[in-house]
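First comes the structure, then the notes that go with it.
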Amino acid sequence: MNEKYPFETIEPKWQKYWTDQGVFKVDTSIHEKKYYCLTMFPYPSGTMHVGHGRNYIIGDAVTRYKMARGFRVLSPMGWDAFGLPAENAAKQRGVHPKEWTYSNIKQMKRQLQSWGIAYDWDRELATCHPDYYKWTQWVFLQLHKRGLAFQKNAPVNWCDYCTTLANEEVNSDGTCERCGRKVVKKDLTQWFFKITEYAGKLLDDLDLLDKWPEKVRAMQGNWIGRSTGARIEFSIAETDDPCPVFTTRPDTIYGVTFMALAPEHPLVESLLKNNPLAAGIKAFVEREKMVSAAERTDEATRKEGVFTGFHVRNPYNGELAPLWITNYVLMEYGTGAVMAVPAHDQRDFEFAKTYGLPIKVVIQNPDNPLAAEVMKEAYVEDGTMVGSGPFDGRNNREAMTDIIQHAKDGGFGEFTTHYRIRDWLISRQRYWGSPIPIIHCPVCGAVPVPEKDLPVLLPDDVDFKSERGNPLSFHEGFINTTCPTCGKPARRETDTLAQWICSCWYYLRYVNPRDNTVAYNKADVDYWLPVDQYIGGIEHAVLHLLYSRFILKVLHDAGTCSFREPFNALFTQGMICKRSEKDGQLYKMSKSKGNVVSPDELIREYGADTVRLYTLFIGPPEKDAEWNDAAVEGSCRFLRRIWRRVYETRDLLLAARGLTPDLAKMATPERNLYRKLHESIAKITHDLEGAFQFNTAIAQIMELTNALELLKVEANSSDPCKAVYRETIESLVILISPFAPHIAEELWGELGHPPSILTAPWPKVNEKALARDEVEIVIQLNGKIKGREVIPTRLTPAAVEAHVMAQDSVKALLNGLTLRKVVVIPGKLVNIVATP
RNA sequence: GCCCGGGUGGCGAAAUGGCAGACGCAACGGACUUAAAAUCCGUUACCCGCAAGGGUGUGAGGGUUCGAGUCCCUCCCCGGGCACCA
């Protein structure tokens, strides 16, 4: 054994051993304790920094801990390999996206291995491989079959650089989530998935995800955005055309003083005919259609509109209200028409004030009666209904159901629910993605490629030099085909699938990754899934995680699996930031900020175990953390201490093999260490179950190490002392193995065990070891600490009280005071309550 | 505006309603050394005091309790999500 901690030799040695012995290969057959631990697979962008590493290190600690607990753990890794950067590299540097991607995969795989992460590499997959995307295309066909994949001509989010974007990829300020450029609306025919059909299920089932962070559930809830209310059938008085509205406030129906239409509303066209106001209306509508979505939906944008000359009839009271077209009504939500109630809606109020439209109070404030003429803003609180026909005098909240029922009975309305979520735009005008398995036939229309013809291969020989757009659309060999239905010449769809589609089902594929006859085997996924623990970044809260839930629900409804949610428990780790040397500000690690820490260099200098230990010790794993170069040294120092301790006492430890700690024979020092050991096992086990508190688990190992150094053990020490010492070191090595596995393996060998420590069971708590004869309690007077006292633990609370009250120091404290009460908390404290 | 998190030493942070600051980083003092590195020992919330000791202290203010960083109410600040969504 080397005196110096030789991480540089032991780490490659054990990594080779793990690989050669295949210790992380998983037999996926039925086993009594299975555990599927999944870390979000990365986009192969190049090399990783220590911030990326946190994700994998956490997953590895969980995997190794569960293995020690006797679980058969499935821990796979792969590559989310389709995407834009590869194509940009092709354009800028002339490297083929495939070549660029696979070379990055090689780099990153080497890095993961140098961290010693436990993966079953036999299950490695890359979404850009035909054996994988064949099944991504199959997933598309399942949705298509169920009418959930459709094309429509629609204004889409367009970024000049990234082409089309899903709503989820557009920042709230109207910039592209990926590149930060301005997103504009563009009218294009695109493919969508009908995620709106699953809005209710996706929202309701969030309640099942009690092992997900509240934050992620809240974010998905916000994104889906359910509103319940009523659909009310207004009609245009002059033409009798129906003009339904959606409202969450049917209680204000008698306060409607105008109707507001979106500029894109289909009725607008018909309103222009023979209309003397047509020119003005047209100008307004045309202008609004040019305005970007971000600008349109900015609250600061002035509310503007134009009167149509028409009126709508309110079905509740037959009253007529003027029909306007306005910029603040969105076509995508509800019916694109809003019943405007200026008295009780702030937006309608502002509009009414601008255009001098009437304001009619129908919900009276019981505390401070409203008068329409002097109102400064809309009254949106609850109150008593007035001017509302049969509902006068009722509380508006309580009357709500009756109001809608009234419309239902009268045949002019119904209860409805609306969602904010929009259908999911999945097509991209890009090369480096999975082709959409559709053939456009001039006779048969859009025909799905038969499953037996999958995959639709992405051709390698494309021209990236072409000016703009999708190189696939210039590739004649790819485009020209025949219709699977009628056999006539037809053209392939040249759009590719957004990378999100590839990553929203990959967790299913890991169970049978090499089976080329099915996407996944039902019996196997039913056994291994849902994923027991999913680990990844918060940035996927409403993208990947929502898409995955949606796709899985569809696959469930298609009968291909029996579970309804893909991920049982979710853990979102915080980002690692570092202060910039330029401006002293804290930033997420990135090349552009120049605050990237390379794991490769650190591993060379300190070893992978140090980097792992520091990464886990840096703070609570769910919170962002600041990387501190100097503190890394501390983790290395700690590992060196453990190493040295074993080195210095190695002969003694080997000689103590076979000795068993016997509580009855222990002297105080070893008894104390033995207790500390078992306290530590309890604490660390607690910290690794449920919430992942690696930082406090590691702190506890440090405390145990500190306690260990207090025990003087020599060749002539007693057997009980040697036995405790050996058991402590052995347990310590197992306890640290999920965090620093290489040194743990090496020390395990030095203790005389055959490899591998992965077969060693997690230590068990000996309850008897936790017992104490004496305990120090605190003596408080009115909650303030006044002293301490060591007392036997066998005393009853009454005896403790008697003992404490008999002390001279306590009597002195009570001098001049009247005793009111004594509170005894066994093993903790005695609080004496007294007043003057 | 609505929703979800946070606010504790010089720094990262700990604390089932029961000793605030465990564990670590940094700093300072000392030992070892010709010296340095490494290692080891000690000090380190703040205020008053030579000391013994006393007082204050977990964003602010109230409350519940024998006892509050922790529970309740009101508010301030920071981060994140949603938002002209009818």
Side-chain angles (χ1 to χ4, degrees), chain A residues 4 172 213-227 229-230 245-250 252 259-260 262 296-303 326-330 332-341 344-348 350-351 380 418-422 538-539 541-542 574 579 613-614 617-620 622-635 637-638 640-641 644 683 686 693 695-706 709 776-788 820-834:
Chain A
K4 206 182 134 274
S172 51
E214 184 55 41
K215 180 182 187 168
V216 175
R217 292 196 285 167
M219 282 165 73
Q220 291 203 359
N222 279 341
W223 187 262
I224 298 167
R226 171 150 57 200
S227 297
V245 298
F246 169 70
T247 180
T248 55
R249 293 294 307 274
T252 63
M259 166 82 68
R296 265 285 286 286
T297 57
D298 185 347
E299 260 175 288
T301 302
R302 272 226 339 268
K303 290 174 183 45
T326 72
N327 63 347
Y328 72 95
V329 175
L330 307 173
E332 307 93 273
Y333 191 76
T335 62
V338 170
M339 58 174 233
V341 185
H344 306 295
D345 180 285
Q346 187 55 28
R347 295 154 299 184
D348 299 342
E350 286 168 28
F351 191 85
V380 296
H418 272 278
Y419 295 93
R420 190 152 43 225
I421 192 169
R422 304 290 148 77
I538 187 75
E539 67 275 18
V542 285
R579 231 160 260 290
L613 196 72
Y614 175 66
F617 186 61
I618 196 166
E622 70 282 5
K623 283 177 64 180
D624 288 352
E626 182 183 343
W627 186 269
N628 177 348
D629 287 323
V632 178
E633 175 75 34
S635 291
R637 194 150 47 206
F638 173 65
R640 283 200 296 260
R641 268 172 69 199
R644 199 180 332 111
K683 166 72 174 155
H686 170 267
Q693 294 166 308
N695 53 329
T696 50
I698 291 167
Q700 188 66 37
I701 297 176
M702 289 171 171
E703 277 194 56
L704 180 60
T705 307
N706 292 344
E709 296 195 339
E776 187 184 68
I777 61 161
V778 166
I779 298 170
Q780 296 183 334
L781 176 64
N782 297 327
K784 296 227 181 256
I785 296 160
K786 294 296 172 184
R788 286 157 210 282
R820 297 291 175 195
K821 190 177 180 179
V822 180
V823 180
V824 179
I825 307 297
K828 295 248 166 86
L829 57 78
V830 173
N831 188 16
I832 301 161
V833 185

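Bear in mind the structure is a predicted one, so any value in this text is a computation, not a measurement. Just so it is clear: chains get the letters A, B, ... in the order the sequence lines come, proteins before strands, and each one is counted from 1.
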Relative to the ring of His418(A), is the ring of Tyr333(A) parallel (under 30°), tilted (30 to 60°) or perpendicular (over 60°)? tilted
So which one's nearest nucleotide on RNA chain B is more toward 5', Trp223(A) or Met339(A)? Trp223(A)
If each of Ile538(A) and Val833(A) is mapped to the nucleotide of RNA chain B with the nearest heavy atom, which maps nearer the 5' terminus, i.e. the 5' end? Val833(A)
Taking atom [atom2] of [N] as reference, at what distance in whole Å does atom [atom1] of [X] sit?
X         : N      : atom1 : atom2 : result
His686(A) : A15(B) : NE2   : C1'   : 13 Å
Phe246(A) : C84(B) : CZ    : P     : 16 Å
Arg217(A) : G5(B)  : CZ    : C1'   : 14 Å
Arg820(A) : C66(B) : CZ    : P     : 13 Å
Ile698(A) : C23(B) : CD1   : P     : 15 Å
Asp629(A) : G12(B) : CG    : C1'   : 14 Å
Ile779(A) : G18(B) : CD1   : P     : 19 Å
Met219(A) : C82(B) : CE    : P     : 6 Å

With the side chain of [X] defined as its heavy atoms from C-beta on, choose the nearest nucleotide among [options].
X         : options                : value
Ala218(A) : U39(B), C3(B), G18(B)  : C3(B)
Gln780(A) : A86(B), C4(B), G18(B)  : G18(B)
Phe617(A) : G18(B), G12(B), C84(B) : G12(B)
Glu776(A) : C25(B), C19(B), A86(B) : C19(B)
Ile825(A) : G18(B), C19(B), C82(B) : G18(B)
Ile785(A) : C66(B), A20(B), A86(B) : A20(B)
Lys828(A) : C4(B), U16(B), C19(B)  : U16(B)
Val329(A) : A13(B), G18(B), A86(B) : A86(B)
Lys786(A) : G55(B), U39(B), C85(B) : G55(B)
Asn628(A) : C25(B), C19(B), C4(B)  : C25(B)

Between [X] and [N], is there a side-chain N or O to OP1/OP2 distance below 4.0 Å?
X         : N      : answer
Asn695(A) : A22(B) : no
Arg347(A) : G1(B)  : no
Arg640(A) : U39(B) : yes
Ser227(A) : A86(B) : yes
Arg579(A) : C11(B) : no
Lys821(A) : C66(B) : yes

Cationic N near anionic O, under 4.0 Å, Glu622(A) to Lys215(A): no
Is any side-chain N of the basic residue among Glu350(A) and Arg347(A) closer than 4.0 Å to the acidic one's carboxylate O? no
[atom1] atom, [N] versus [M]: distance in rounded Å?
N      : M      : atom1 : value
G53(B) : U58(B) : P     : 24 Å
A22(B) : G29(B) : C1'   : 24 Å
A38(B) : C25(B) : P     : 12 Å
U16(B) : U70(B) : P     : 13 Å
G5(B)  : G12(B) : P     : 22 Å
G57(B) : U8(B)  : C1'   : 10 Å
U43(B) : A52(B) : P     : 14 Å
G1(B)  : G9(B)  : P     : 29 Å

Which part of the nucleic acid, if any, lies within reach of Ala699(A) when heavy atoms closer than 4.0 Å are counted: base, sugar-phosphate only, or nothing? base
Using a 4.5 Å cut-off on heavy atoms from C-beta on, say whether the side chain of Pro250(A) contacts that of Thr247(A). yes
Is there side-chain contact between Glu703(A) and Thr705(A), with heavy atoms separated by less than 4.5 Å? no
Would the base of [N] count as contacting [X] through its side chain, where contact means a donor and an acceptor less than 3.5 Å apart?
X         : N      : result
Arg422(A) : C85(B) : yes
Lys303(A) : C84(B) : yes
Asn222(A) : C82(B) : no

For residues Arg217(A) and Asn222(A), is any side-chain donor paired with an opposing acceptor at under 3.5 Å? no
Just by distance, with hydrogens left out, do Asp629(A) and Tyr614(A) show a side-chain donor and acceptor under 3.5 Å apart? no
So, is G57(B) syn or anti if syn means the angle is within 90° of 0? anti
